[in-house]
Amino acid sequence: MAEEIMVAELEEEAADESQKGQFMTFQTGKEFFGIGISYINEIIMMQPITPVPEVDDYIKGLINLRGKIIPVIDVRVRFKMAPAEYTDRTCIIIINVKSMTIGLIVEQIAEVVNISDDDIVSLPSLKRKEREHNKYVYGLARLEDSVKMLLDPEKLIKQEDLEKIGENQEEEQE
C-alpha cells in the first residue's frame, strides 16, 4: 500500500516536471495571456450557463460538465474590458485552482508554448494607476517578437465569490 502511494507521488512529480515551463496562451481583447498548463484540466466549447444571483458581473454562472457543477468567469469582464459577444472561437478553459474547478471564458485559444524562467520578467512598476488586469499578472514572457502576460489563476477569483457560489450550489441541490 505504501509502495503504491510512493509510486503515485513519483508519477505526479514527473508530470509536474514535464509541464514546467509550458503555458497555454489565449487572446482576450487585443492582448495575449498565458496560464501554466499544470492548472488546466481541459478546454471545452461554450455551453449553456446558468446565472448565479448576487455575484460580481465577471462570474457568468454555472455549467454542468459531465455531472459536475462548475462556476465560469468571463476573463474579459474580469479585466474590466467591455463585454464581447461569444463566437464559435469562444471557449472555456477548465482549471483547478484553490482546490476548486473553475471555467475561464476566453475569446480564443492561441497555442501551447514553452517559456523558460530566463524569458519571464516581472511587471514594470508604474506610478499611475495600473490597468485592472495587471494585478492578476505575475510576469511577462518575451517570445520572439511578442510579449505574453502570464496570469496567476489564484488571483482571478475572490474567496468571497467562491463562498457565494458554494452557497448557491448548495441551495440548488436541496
Side-chain angles (χ1 to χ4, degrees), residues 2-46 56 58-60 65 68 70-81 84 89-163 165:
E3 214 171 272
E4 291 174 5
I5 293 171
M6 284 178 53
V7 168
E9 287 175 358
L10 288 172
E11 287 173 353
E12 192 174 303
E13 285 176 24
D16 288 346
E17 206 48 46
S18 70
Q19 294 175 346
K20 185 171 173 38
Q22 288 192 327
F23 293 82
M24 169 67 66
T25 61
F26 61 89
Q27 185 175 3
T28 293
K30 294 182 180 180
E31 300 175 49
F32 285 86
F33 297 89
I35 186 168
I37 206 111
S38 60
Y39 286 101
I40 299 173
N41 276 0
E42 63 184 301
I43 299 165
I44 60 173
M45 299 306 294
M46 281 301 292
D56 284 337
Y58 71 91
I59 299 175
K60 290 301 171 189
L65 183 62
K68 185 171 182 171
I70 299 172
V72 293
I73 68 172
D74 189 318
V75 173
R76 185 181 179 95
V77 176
R78 182 65 173 131
F79 293 163
K80 305 277 189 231
M81 295 179 187
R89 309 248 339 148
T90 306
C91 58
I92 302 173
I93 302 172
I94 305 297
I95 63 170
N96 281 325
V97 64
K98 296 182 182 179
S99 50
M100 185 171 189
T101 304
I102 298 170
L104 304 177
I105 300 171
V106 300
E107 289 167 51
Q108 71 180 33
I109 298 295
E111 62 185 334
V112 175
V113 294
N114 288 314
I115 303 171
S116 72
D117 290 342
D118 294 339
D119 291 328
I120 299 173
V121 296
S122 57
L123 289 171
S125 176
L126 302 174
K127 298 290 181 197
R128 66 183 192 279
K129 182 174 173 11
E130 301 279 328
R131 293 180 78 177
E132 183 66 21
H133 61 264
N134 285 356
K135 64 183 168 186
Y136 314 114
V137 175
Y138 74 87
L140 301 173
R142 296 177 294 204
L143 300 171
E144 296 172 17
D145 60 347
S146 68
V147 173
K148 310 276 192 253
M149 289 183 257
L150 303 180
L151 296 180
D152 181 347
E154 296 189 16
K155 293 181 180 174
L156 281 175
I157 192 159
K158 299 179 209 163
Q159 188 61 38
E160 55 269 20
D161 288 331
L162 289 174
E163 291 165 7
I165 292 168

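Residue numbers count from 1 along this sequence.
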Distance col, row Thr25:OG1 vs Ile35:CD1, nearest 0.5 angstrom, shows 11.5 Å
Ignoring hydrogens, what is the shortest heavy-atom contact between Ile120 and Gly139? Give both atom names and the distance.
CG2-CA, 4.3 Å
Quick one: pull up CD1 in Ile102 and CG in Asn41 and give me the separation to the nearest 0.5 Å.
11.0 Å
If you take all heavy atoms of Thr90 and Ile105, which pair is closest and at what distance?
CG2-CG2, 3.7 Å
Taking only residues two or more places apart in sequence or in another chain, which ones pass side-chain hydrogen bond (donor to acceptor under 3.5 Å, both in side chains) with Arg89?
Gln108
Is there a side-chain contact between Ile93 and Ile109 in this structure, where contact means two heavy atoms from C-beta onward sitting under 4.5 Å apart?
yes
Residue set satisfying side-chain hydrogen bond (donor to acceptor under 3.5 Å, both in side chains) with Ser146, at least two apart, ordered chain then number -> Lys148
Just jot down the side-chain hydrogen bond (donor to acceptor under 3.5 Å, both in side chains) partners of Ser122, sequence neighbours excluded, or say none.
none
Within the distance-only criterion (no hydrogens, no angle test), does the side chain of Gln27 pair as donor or acceptor with the backbone N or O of Gly29 below 3.5 angstrom?
yes
Quick one: NZ on Lys60 to CG on Leu104, what's the gap to the nearest 0.5 Å?
13.5 Å
Contact summary for Gly34 and Phe23, nearest pair of heavy atoms:
C-CD2, 4.3 Å
Grab the two heavy atoms, one from Ile115 and one from Ala141, that are nearest each other, plus how far apart they are.
CD1-CB, 3.6 Å
Rounded at 0.5 Å granularity, tell me how far CG in Asp119 sits from CG in Asn114.
10.5 Å
Considering only heavy atoms from C-beta outward, does the side chain of Phe79 approach that of Glu31 to under 4.5 Å?
no
Once salt bridge (charged side-chain N to carboxylate O under 4.0 Å, His left out) is applied, what residue pairs with a partner in residues 100-117 remain, sequence neighbours excluded?
Lys20-Asp117, Arg76-Glu107
Closest heavy-atom contact between Thr101 and Ile70?
O-CG2, 3.6 Å
What's the separation between atom CD in Glu42 and atom CG in Leu65, rounded to the nearest 0.5 Å?
5.0 Å
Among all residues two or more places apart in sequence or in another chain, which pass the side-chain contact (heavy atoms from CB on, under 4.5 Å) test with Asp152?
Tyr138, Glu154, Lys155
Any idea which heavy atoms bring Leu151 and Pro153 closest together, and the distance?
O-CD, 3.3 Å
Apply side chain to side chain contact (heavy atoms under 4.5 Å, CB included) to the pair Leu140 and Met149, showing each step before the final yes or no.
CA-CA 5 Å; Leu140 301 173; Met149 289 183 257; 3.6 Å; yes
In the structure I gave you, are the side-chain heavy atoms of Phe26 and Val75 within less than 4.5 Å of one another anywhere?
yes
Taking side-chain hydrogen bond (donor to acceptor under 3.5 Å, both in side chains) as the definition, give me every residue that meets it alongside Lys30, ordered by chain and number, with sequence neighbours left out.
none
